[in-house]
Amino acid sequence: MQTIIRVNHLSKTFGDFTAVNDLSFSVQEGNVYGFLGQNGAGKSTTIRMLLTLIRPTAGEIELFGYNLYSHRKEILRNIGAVIERPDLYKYLSGFENLSLFAKMSGVHLKRSQLMDQLELVGIANRSADKVKTYSQGMKQRLGLAIALVHNPQLIVLDEPTNGLDPQGIADMRNLILMLSRKMKKTVFVSSHLLSEVEQVANRMLIIDKGKKLVEGTVADLFAPDETIVHIKTVDTQSCRLVLAESSYGERIQEVHANELTVKIRREEVPELTAFLVGKNVPVLGIAARHSLEDYFLKITSSNQHVEAFTN
Amino acid sequence: MWKLLQIEVFKIFKRPRTYIAFIAIWAIVTLIQVAIYADGAKYMDFVLRDVRESFDIIGRPLNGYFVCFVILQTLLIHVPLLVALVSADMIAGEANMGTLRLLITKPISRTKLLLSKFLASSVYVLLLLVWIAVTGLFLSMAIFGTDGLINAKSYEIIIINGNDVFWRYLLAFCFAALALITVAALGFFFSIFAENSLGPIVATMSVVIVFTILTTLDIPLFQSMKHFFFTSHMIAWKGFFEMKTDAEGIAIPGTIRNLPAILKSAGVLLLHIVLLVGGAITIFNRKDVLS
């Protein structure tokens, strides 16, 4: 399997501010690679370096086995990208935008072929309308059509669900899955929402303050015995005693005033619920969350506190 | 490169603001033509008030060539401001819309991208001049007819035969193209630094206005400096309407009095274009595109 993206010790500084700090990772062919981090973690800066919008301060980027800067043209011919919100020419129609960017990507398609692309993303019926009349979701779809029009091997999507309504988010998710499964594209997708990425990615990388925190397959990172169950109860003491006398005793993580946390396998959650009810523990609620999600929320919220304090 | 140029020209002429300049020129030209048509005789009396005392004017001094000369003298001061509207928007406008990011992720070198954009703004300038020629020269020739051109200056009066004028206009329009492309290059240069087209448009207009004022002020300090201002070279097109004279002071038809000075001004303007566009490409190639 070919390595599509290889990033080695990549750094980018803007004056005194380090946006990306010694970042290394690689993306294999056919993967949907989730690139996670809170806002300002360095995701967009990394993506901009991958797309030659920004020059790295240090480090190397290889795409399709070639150095990005010495083979820029050949590499970009094989990449389709939607960077944050898809900004397009508002005074042109959707069709004109697609046709124009297709030519700039070096492909010369017939009208019917361009319409097929618009059909694929579901906006063919609005192709003649000016983009200024499009909703955010339609612009996002047109942006995706532009990213796909030259049939690239790698699709880079920077926060593709930003500003979309729930239906738009679901549609985008399905489109990413289709790109990967049916069209066999490699997809590099960034987001600040773990729940969003886990549904489409098979590998993911979490960064914070420009540094790599964790990387791995989604299956590894979401290991089945890593589920944290939050039990809300009016009687924490009796709940703790009941659990301590059972096989769950060793898996109690934290005990608070009205809540206990237990780390178990995901499939054990119904069994634990039945056990507590059977022991007449006054349970107010049970919520199961993966430890990675807790970890991600922890780093996200801790940094937000720091930002709030600084501001 | 040809494809890129086509795309950029297509984008320019799809924007409504592009047509502001064409409408403004048509309006100014029409107003001048109507005014001269209605009250041209009085205007000619005013222009020739000193000459009529010493000479008999034969023929029709108020003709299409004369009207076009008046139009060019008026327009070529203001058209640079209209050129700035488009040229200063070429990069900054894309940055403002967010489309610059998308353009740079396409398999095209930044140098080619910038060159195509600059050439497209030059095409716009050329079409603007063609429009001035159509409305200001050809339409005036059709309305007022043709005859000799009287070029009245404060210290001399030049009378050019009717059959010796048209080629001078062609050269004057070519020179005006060079002058306006220089303004386009200036706007283009400012455009790479901004993420909003207003700043570079105002900056370009300000430079043109300030330099023009300094060029026309009869203050010795500014007079010595004016050769360094590109605006003083932009008006060299008027030189095409001056003729050499023989030993007896008689004008020689088919000649240009000071061609080397015109060529020098053309060279200065060309140098400005090369430096401004070259500078823009060099800086833009190293620039991080964040917007």
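Within every chain, numbering begins at 1; the chains are lettered A, B, ... in the order of the sequence lines, protein sequences first and strands thereafter.
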By a 4.5 Å heavy-atom criterion (distance strictly below it), what part of [X] contacts chain B: side chain, backbone, both, or neither?
X      : result
A:L92  : side chain
A:H71  : neither
A:E96  : side chain
A:F101 : both
A:I146 : both
A:R77  : both

Interatomic distance, B:R15 atom CZ to A:Y91 atom OH [nearest 0.5 angstrom]: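 Reported to 0.5 Å precision, the distance equals 5.0 Å.
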Inter-residue atom distance B:K106.NZ - A:L51.CG, 0.5 Å rounding: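 If we round to the nearest 0.5 Å, B:K106:NZ and A:L51:CG are 10.0 Å apart.
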Heavy-atom proximity to chain A below 4.5 Å, by part of B:L4: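 When you check distances to chain A, only side chain atoms of B:L4 fall under 4.5 Å.
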Neighbour count above 12 (heavy atom, 6.0 Å) for [X] [atom1]:
X      : atom1 : value
A:E74  : CD    : yes
B:Y19  : OH    : yes
B:F228 : CZ    : no
B:F13  : CZ    : yes
B:K287 : NZ    : yes

Residue of the set B:M97, B:E94, B:R101 for which side chain to side chain contact (heavy atoms under 4.5 Å, CB included) holds with A:D87: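 Exactly one pass, corresponding to B:R101.
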Among A:I79, A:I83, A:L50, the one residue meeting side chain to side chain contact (heavy atoms under 4.5 Å, CB included) with B:T105: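 Looking at A:I79, A:I83, A:L50, the match for B:T105 under the side chain to side chain contact (heavy atoms under 4.5 Å, CB included) is A:I83.
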Heavy-atom side-chain contact between B:D288 and A:R55 under 4.5 Å: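 Yes, at least one pair of side-chain atoms sits under 4.5 Å.
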Worked check of side-chain contact (heavy atoms from CB on, under 4.5 Å) between B:L102 and A:M104: CA-CA 10 Å; B:L102 200 49; A:M104 294 195 86; over 6 Å; no
Residue, of A:M49, A:R72, A:K90, that accumulates the most heavy atom pairs under 4.5 Å with chain B: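 Of the options given, most contacts go to A:R72.
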Minimum-distance pair of heavy atoms, taken over all atoms of B:R110 and A:L53: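 So the two residues come closest at NH2-O, 3.3 Å.
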Max heavy-atom pair count under 4.5 Å with chain A, selected residue of B:K3, B:K11, B:Q6: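 Result: the option with the highest number of such pairs is B:K11.
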